[in-house]
Number of protein chains: 2
Amino acid sequence: MNMPRRLVQPTNQTSIEDAPFSTTGLSSLFRHQPLERFAAGTIVFWEGDKATKVFEVVCGMVRAIRLLSDGRRIIVGFLRPGDLVGVSFKDQYVYTVEAVTKVELRRFSRHLFELEIARQPAMRELLFSKLCDEMTAAQDQAVLLSRRSADEKLASFLLRMATRRIGQHMVVDLPMTRQDIADYLGMTIETVSRTTTKFAGSGILAMTDRHIITILSMDELRSIAEGEECNHWIAPCLAKMRQQTSDARQLIG
Amino acid sequence: MNMPRRLVQPTNQTSIEDAPFSTTGLSSLFRHQPLERFAAGTIVFWEGDKATKVFEVVCGMVRAIRLLSDGRRIIVGFLRPGDLVGVSFKDQYVYTVEAVTKVELRRFSRHLFELEIARQPAMRELLFSKLCDEMTAAQDQAVLLSRRSADEKLASFLLRMATRRIGQHMVVDLPMTRQDIADYLGMTIETVSRTTTKFAGSGILAMTDRHIITILSMDELRSIAEGEECNHWIAPCLAKMRQQTSDARQLIG
DNA sequence: CGATAATTTGATCCAGTTCAAGCGACGTGG
DNA sequence: CCACGTCGCTTGAACTGGATCAAATTATCG
């Protein structure tokens, strides 16, 4: 499971903090499970490994990676505290998971996890709902990848990664490398770099550290990322189309 | 719900045939539900409509569409017999669904559907499994969109649409328009056209009708689409990487 | 049979890739 | 404490796949 949607307390790259258990009901399943720590850059599991475990990210960040036959690398998601890793109905994991930062995970035997899910209707609901959310997120990602310019991609990525607010501004932790971002957004490292530089140049954001940027003009960034789910625009647009086609519509059933 | 994965009996654009109930357990839920027919090009529901119903495609094909604020259109999936349409945990549908061909759908009140799912563990399993499959499919699609060339995109699209076999060859029904394909694969109608023409020119496929193509060289098409899940390549590749990093791996927990 | 929409084909153009070269931070060993 | 290599990132310059613009051609349907 991946494609984080929830906005949770960001993880500090160096210190270890507790995950916000209260927000994710599913976390309660993991509360007493063994804790595993992985150093930055290490592997949690490999694509193709027998899928015997499910994890919950407690703190830190992991990336889920898929490889194409020609060596091209795709990051299917960055997972943060509260996200589940490895939930699937396949025998094998369909992606490799690596620690981006030092990370703490709670491990759950997949078998037990499935039993618990079957036993607890409330948990089931939560998991189901989470799957649906991720489904939508994956589609959003597909839209992003297929139809958006470099500027739009980066802008919406930054907005999704934005978590902490200081005063007027948003601080964005980017513990992953530029290559990771590129592989996530379907662009090259050079374009990622050029685009961030451009944004910084036009005063939209400031780069303190390469891994910590501050959004100075949230509005501008939003208007660049524009259209993501721009409902105030879409609603009237749909209404118009609906009008146009309502007569053509034949509901035979 | 979308991104069809299962390979099912293809739908003929003009005749009405029964869906293969035996293959999808979930279909049994819909067996006695009211049947609705929609003419080609008509709307089943709109993005933003209150999500009160769930459908199962019985025969024909529908497309799930999302609109971006600037009018760009994305097709998130083509749905065929056995596929469920509109399953979600949102109040509103997140995409518009249109009939590509004349289509028959079984309608289910969402409320009842959810009750049934809650009541029948077997159905729940099936639905869950289906969601997971679609999750993976959506990710595959994201990979396709972000990292593949026009040739690769079209080749793998054709392979996924291929269903019926006649002799050595595969017949592919493409009831949707070129624009639909373009919007699904994240390319322009011109590129879709040029690429199909090129494939036809190099003897990989033959175009009978614009909407019915025959794959003449499955192998060539596969090697163009290559890499999709090319495990015979990936497995050794992963093994090598694993070797390289196994010593660096620190499992602290 | 003519009108209209869908598709193909042709000719440019450009965003983003590719190739190539600096740059700064960090760690290591002398 | 500093030279030196490495790594991740930025910057520059040329190149290209696919987009865009513009017809021509071919269904499709009254």
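Excluded from the calculations below are hydrogen atoms, water molecules and symmetry mates; all remaining heavy atoms, backbone and side chain alike, are included. The sequence lines fix the lettering, A, B, ..., with proteins before strands; numbering per chain opens at 1.
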Exercise for the section: Given side-chain contact (heavy atoms from CB on, under 4.5 Å), test B/Tyr184 with B/Met176 step by step and report yes or no. Expected result: CA-CA 10 Å; B/Tyr184 183 54; B/Met176 71 292 287; over 6 Å; no
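- Side-chain atoms of B/Ser193 do not come within 3.5 Å of backbone N or O of B/Ile189 as any donor-acceptor pair.
- Contact check for A/Val85 versus A/Val44: no side-chain heavy atoms found under the 4.5 Å cut-off.
- Here the side chains of B/Asp173 and B/His211 are not in contact, with every heavy-atom distance at 4.5 Å or above.
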Any protein N or O atoms within reach of nucleotides 28-30 of chain D? Criterion: under 3.5 Å, listing atom names and distances.
none

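- Residues B/Arg80 and B/Val57 fail the side-chain proximity criterion, which asks for heavy atoms closer than 4.5 Å.
- With a 4.5 Å cut-off on side-chain heavy atoms, B/Arg210 and B/Thr196 do not count as touching.
- Counting only heavy atoms from C-beta outward, the side chains of A/Asp140 and A/Arg160 never approach each other to under 4.5 Å.
- Distance CG (B/Asp151) to C1' (D/dG17): 10 Å, rounded to an integer number of Å.
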Under-3.5 Å N/O pairs linking protein and nucleotides 20-23 of chain D:
| residue | atom | partner | partner atom | Å |
| --- | --- | --- | --- | --- |
| D/dT20 | O4 | B/Arg194 | NH2 | 2.9 |
| D/dC21 | N4 | B/Glu190 | OE2 | 3.0 |

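- Overall bending of the helix from C/dC1-D/dG30 to C/dG30-D/dC1, expressed as the angle between end axes built from five pairs apiece, is 30° (10° steps).
- As a whole-Å value, the separation of B/Leu154 CG from C/dT8 P is 11 Å.
- In this structure, B/Asp180 places its CG atom 13 Å from C1' of C/dT7, rounding to the nearest Å.
- To the nearest angstrom, C1' of C/dA15 lies 10 Å from NZ of A/Lys198.
- When the side-chain nitrogen and oxygen atoms of B/Ser193 are compared with OP1 and OP2 of C/dT9, none of them lie within a distance under 4.0 Å.
- Below 30°, between 30° and 60°, or above 60°: for B/Tyr93 and B/Phe45 the angle between ring planes is below 30°, a parallel geometry.
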Practice task
Just do the side-chain contact (heavy atoms from CB on, under 4.5 Å) check on A/Leu174 and A/Phe157 with the steps written out, would you?
Solution key: CA-CA 10 Å; A/Leu174 299 175; A/Phe157 174 69; 3.9 Å; yes
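- You'll find the side chain of A/Glu98 stays beyond 4.5 Å of the side chain of A/Phe38, heavy atoms only.
- Regarding B/Asp183, its CG atom lies at a distance of 13 Å from the P atom of C/dA6, rounded to whole Å.
- One interatomic measurement links the two molecules: CE of A/Met176 to P of D/dG8, which rounds to 15 Å at whole-angstrom precision.
- Atom CE in B/Met187 sits about 11 Å away from atom C1' in D/dA19, given to the nearest Å.
- When rounded to the nearest whole Å, the span between CG of A/Leu145 and C1' of C/dG16 equals 15 Å.
- Using a 4.5 Å cut-off on side-chain heavy atoms (C-beta onward), B/Leu154 and B/Ile181 make contact.
- Listed by first then second residue, pairs satisfying salt bridge (charged side-chain N to carboxylate O under 4.0 Å, His left out) with a partner in residues 179-197 of chain A read A/Arg63-A/Asp180, A/Arg73-A/Asp180, A/Arg73-A/Asp183, A/Asp183-B/Arg147, not counting sequence neighbours.
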Between N or O atoms, less than 3.5 Å apart, protein on one side and nucleotides 23-25 of chain C on the other: list the pairs.
none

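- The side-chain contact (heavy atoms from CB on, under 4.5 Å) test applied to B/Leu221 returns B/Ala155, B/Leu158, B/Leu159, B/Phe199, B/Ile204, B/Ile215, not counting sequence neighbours.
- Mapping A/Arg147 and A/Thr197 onto DNA chain D by nearest heavy atom places A/Thr197 closer to the 5' end of the strand.
- Counting only heavy atoms from C-beta outward, the side chains of B/Lys198 and B/Asp151 approach each other to under 4.5 Å.
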